[in-house]
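These numbers come from a predicted model, not from an experiment.
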Amino acid sequence: MTNEQILNIFYSKIIPEAQKGKIDCYFTLNIIFNLTIANQEITSQAEDKDKGIFIPTLKITDKEKFDELLIEYVKKAIEFYSPENFTFLNDIDSFDIQNTQKTKQEYLVKYIISTLFANASFDDFTNPILFLKSRIAMFDNKILNDEGEQDFGYIESIGARIHIIEEKSPIKAETPYRIKGHLQFDDGYILSLPEIYVGNTGEKYQLYGIQKSLKSGDEEERAYLKQIRKGFIAKINGAPEHYFLTVMLFLSLCSDKNIEVIPFLIERWNAKKIALHNKAKRLQNISIEEIDKEQEHIQTNITDIFIRYFTKLEDVTEGMEFTSIPLELDSSLHIQINDNLQSRSIAFNELFNLANEYKKRKNNLGK
């Protein structure tokens with residue numbers, strides 16, 4: 001695929017479709033944004049005026065540099081992600097479509113670029129060159145340089161060993177890599193931890209999510225969540241203890257660089273909003289106002305709880321500093337961890353010390 005083909009697909013296919021909020025990738029992705037180049041308006045949103053849609057503007061100030069980085073990102077993504085991420089392309093072979101190979105290439109590029117912008121914040125749309133540089137760097141920089149599952153160490157206050165592994169995420173995920181872990185308790189019970197979706201740009205770590213594992217909430221598991229609680233202060237407003245512990249693990253692993261916690265992705269919000277509005281129009285017996293209110297309530301709770309993990313730890317920890325809170329400099333929470341971190345949470349201290357020991361022992365943290 002040539003550079004010219006990639007750019008042609010972006011400017012002649014994706015941009016007009018993004019103006020309407022529906023990008024055709026063989027299936028429809030609800031991605032909506034406007035475009036300016038060198039402060040000149042190229043598109044302005046004219047359709048799909050659903051209530052509550054926040055429409056960002058992609059502001060390209062240096063088109064030559066943007067185009068260069070966009071091409072690099074697409075080519076790296078094709079190389080990085082396994083064909084399993086693009087199995088939908090095989091369906092095209094079953095249809096009598098002219099220029100099948102050309103159609104596949106178009107859908108592939110559209111899907112890669114759409115999933116890219118699905119993980120962009122408002123700030124990323126404002127500065128897309130920096131965004132592209134960061135996303136490209138995430139392909140080459142992991143958090144753990146070891147391959148395979150690692151025995152990270154024993155947490156005395158909980159009575160369990162913690163095992164972690166970093167692996168590739170599916171392309172639709174927020175980051176190219178994710179960290180998965182589990183606790184193995186003294187009696188042999190295995191408790192899966194939420195997955196950590198974090199990218200290493202080489203200059204900083206960007207955290208997009210702490211997401212629950214498939215197994216959650218059974219009676220046996222709840223007994224071990226109570227055991228985790230012994231290692232720290234208390235659970236946070238109903239959030240399970242293993243989420244809180246996973247945040248401690250993340251901060252311990254990523255203490256060597258500045259941390260940026262990104263709590264809100266505009267296109268994911270819009271996609272849900274558009275889908276719900278379409279459903280309401282189709283069924284006609286669902287109140288759009290009620291749907292809007294419910295989604296905003298759910299999103300607010302998710303965002304508040306996500307940030308509260310960090311504010312709770314910051315309250316009880318010396319050496320953990322918020323250098324900027326959301327809406328102060330940008331929409332993210334910025335954190336710096338000092339070498340002399342000390343927390344009233346015993347488990348946090350243990351995890352932080354395990355991370356330092358692991359780094360010294362294998363030089364395998366923070367590439």
Side-chain angles (χ1 to χ4, degrees), residues 1-15 18 23-27 29 31 58 60 62-93 99-120 124 128-149 165-180 195-209 262 265 267-268 364 366-367:
M1 186 180 305
T2 67
N3 297 349
E4 290 74 18
Q5 286 175 316
I6 293 173
L7 294 179
N8 181 62
I9 292 169
F10 178 68
Y11 288 106
S12 67
K13 301 289 186 178
I14 292 177
I15 293 302
I23 296 181
D24 176 15
C25 302
Y26 178 70
F27 44 85
L29 289 179
I31 303 290
L58 184 65
I60 301 175
D62 183 340
K63 185 176 181 298
E64 182 178 353
K65 187 62 177 177
F66 175 86
D67 290 353
E68 174 190 327
L69 291 169
L70 184 65
I71 291 166
E72 182 180 357
Y73 179 84
V74 170
K75 290 185 174 181
K76 274 187 171 286
I78 292 172
E79 180 181 340
F80 180 85
Y81 291 106
S82 71
E84 294 176 356
N85 288 273
F86 312 115
T87 53
F88 66 91
L89 297 176
N90 298 331
D91 295 340
I92 297 173
D93 293 326
N99 301 318
T100 301
Q101 191 58 36
K102 181 180 178 182
T103 302
K104 283 185 175 182
Q105 288 182 342
E106 180 179 316
Y107 283 142
L108 176 62
V109 172
K110 286 172 123 183
Y111 185 57
I112 288 172
I113 294 177
S114 295
T115 53
L116 167 69
F117 284 111
N119 296 314
D124 294 327
I129 289 176
L130 180 59
F131 174 57
L132 283 169
K133 286 180 178 178
S134 296
R135 300 302 298 195
I136 290 168
M138 288 181 191
F139 288 134
D140 300 323
N141 295 287
K142 298 176 66 179
I143 311 299
L144 306 174
N145 295 334
D146 268 337
E147 297 296 330
E149 184 177 287
I165 185 172
E166 186 172 17
E167 61 183 27
K168 286 186 180 181
S169 304
I171 189 172
K172 62 184 180 181
E174 292 89 338
T175 53
Y177 292 100
R178 59 186 170 183
I179 297 174
K180 300 171 70 173
E195 297 173 352
I196 304 171
Y197 287 85
V198 55
N200 182 358
T201 72
E203 297 179 351
K204 62 183 175 181
Y205 298 109
Q206 293 184 307
L207 177 69
Y208 287 80
I262 302 170
L265 297 174
E267 291 296 352
R268 289 177 181 264
N364 268 352
K367 180 178 177 183

> Going through the checks in order, is the side chain to side chain contact (heavy atoms under 4.5 Å, CB included) test met by Tyr111 and Lys172?
Replying inline: CA-CA 9 Å; Tyr111 185 57; Lys172 62 184 180 181; 4.1 Å; yes

> Under the side chain to side chain contact (heavy atoms under 4.5 Å, CB included) criterion, do Leu265 and Tyr208 qualify, and how do the steps go?
Replying inline: CA-CA 9 Å; Leu265 297 174; Tyr208 287 80; 3.9 Å; yes

>> Under the criterion side chain to side chain contact (heavy atoms under 4.5 Å, CB included), I'd like the reasoning laid out for Leu132 against Asp124: C-alpha separation, chi angles, the key distance, then a yes or no.
In response: CA-CA 9 Å; Leu132 283 169; Asp124 294 327; over 6 Å; no

>> Before you tell me yes or no, could you show the steps for Arg178 and Glu166 under salt bridge (Lys or Arg N to Asp or Glu O under 4.0 Å), namely the whole-Å CA-CA distance, both residues' side-chain angles and the distance that decides it to 0.1 Å?
In response: CA-CA 6 Å; Arg178 59 186 170 183; Glu166 186 172 17; over 6 Å; no

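Using a 3.5 Å distance cut-off with no hydrogens or angles, the side chains of Gln105 and Tyr107 do not pair a donor with an acceptor.
No side-chain heavy atom of Ile143 sits under 4.5 Å from any side-chain heavy atom of Tyr177. Counting heavy atoms from C-beta outward, Tyr197 and Asn119 have side chains that stay 4.5 Å or more apart. Side-chain atoms of Ile92 and Leu89, non-hydrogen and from C-beta on, do get closer than 4.5 Å to each other. For the pair Ile179 and Val198, the minimum side-chain heavy-atom distance is below 4.5 Å. Contact annotation: the side chain of Ile78 approaches that of Val74 to within less than 4.5 Å [non-hydrogen atoms, C-beta and beyond].
At least one donor-acceptor pair closer than 3.5 Å links the side chain of Ser169 to the backbone N or O of Thr175.
A cation-pi arrangement is present between Lys168 and Phe80 under the rule of less than 6.0 angstrom and at most 45 degrees off the ring axis.
Applying the salt bridge (charged side-chain N to carboxylate O under 4.0 Å, His left out) test to Lys75 and every residue at least two apart in sequence or in another chain returns nothing.
From Lys102, atom NZ reaches atom CE of Met1 across 12.0 Å, with rounding to the nearest 0.5 Å. Atom CG of Leu69 sits about 11.0 Å away from atom CD of Glu64, to the nearest 0.5 Å. The structure places CD1 of Ile71 at 11.0 Å from CD of Gln5, a figure rounded to the nearest 0.5 Å. Atoms CZ and CG, from Arg135 and Leu130 in turn, are 12.0 Å apart once rounded to the nearest 0.5 Å. Atom CZ of Phe131 and atom CG of Leu70 lie 10.5 Å apart (nearest 0.5 Å). The CG atom of Asp67 lies 4.5 Å from the CG atom of Leu7; values are rounded to the nearest 0.5 Å.
Ring-centre distance between Phe139 and Tyr73: below the 6.0 Å cut-off.
Ion pair Lys76/Glu79 not flagged as a salt bridge, since none of the NZ, NE, NH1 or NH2 atoms sits closer than 4.0 Å to an Asp/Glu carboxylate oxygen. Between Lys142 and Glu167, none of the side-chain N atoms (NZ, or NE/NH1/NH2) sits under 4.0 Å from a carboxylate O, so this pair counts as no salt bridge.
The nearest pair of heavy atoms linking Asn141 to Asn200 is CB-O, 3.2 Å. The nearest pair of heavy atoms linking Ala137 to Thr201 is CB-O, 3.3 Å. Heavy-atom minimum distance, Gln206 versus Ser134: OE1-CB, 4.0 Å. Contact detail for Asn85 and Pro170: the closest heavy-atom pair is OD1-CA, 3.3 Å.
Ring orientation note: the planes of Tyr81 and Phe86 are nearly perpendicular, at an angle over 60° on the 30°/60° scale.
When the shell of 6.0 Å around CD of Glu149 is examined, it contains more than 12 heavy atoms from other residues, nucleotides or ligands.
The salt bridge (charged side-chain N to carboxylate O under 4.0 Å, His left out) pairs that include a residue from residues 108-119 are Glu17-Lys110, Glu106-Lys110, where partners are two or more places apart or lie in different chains.
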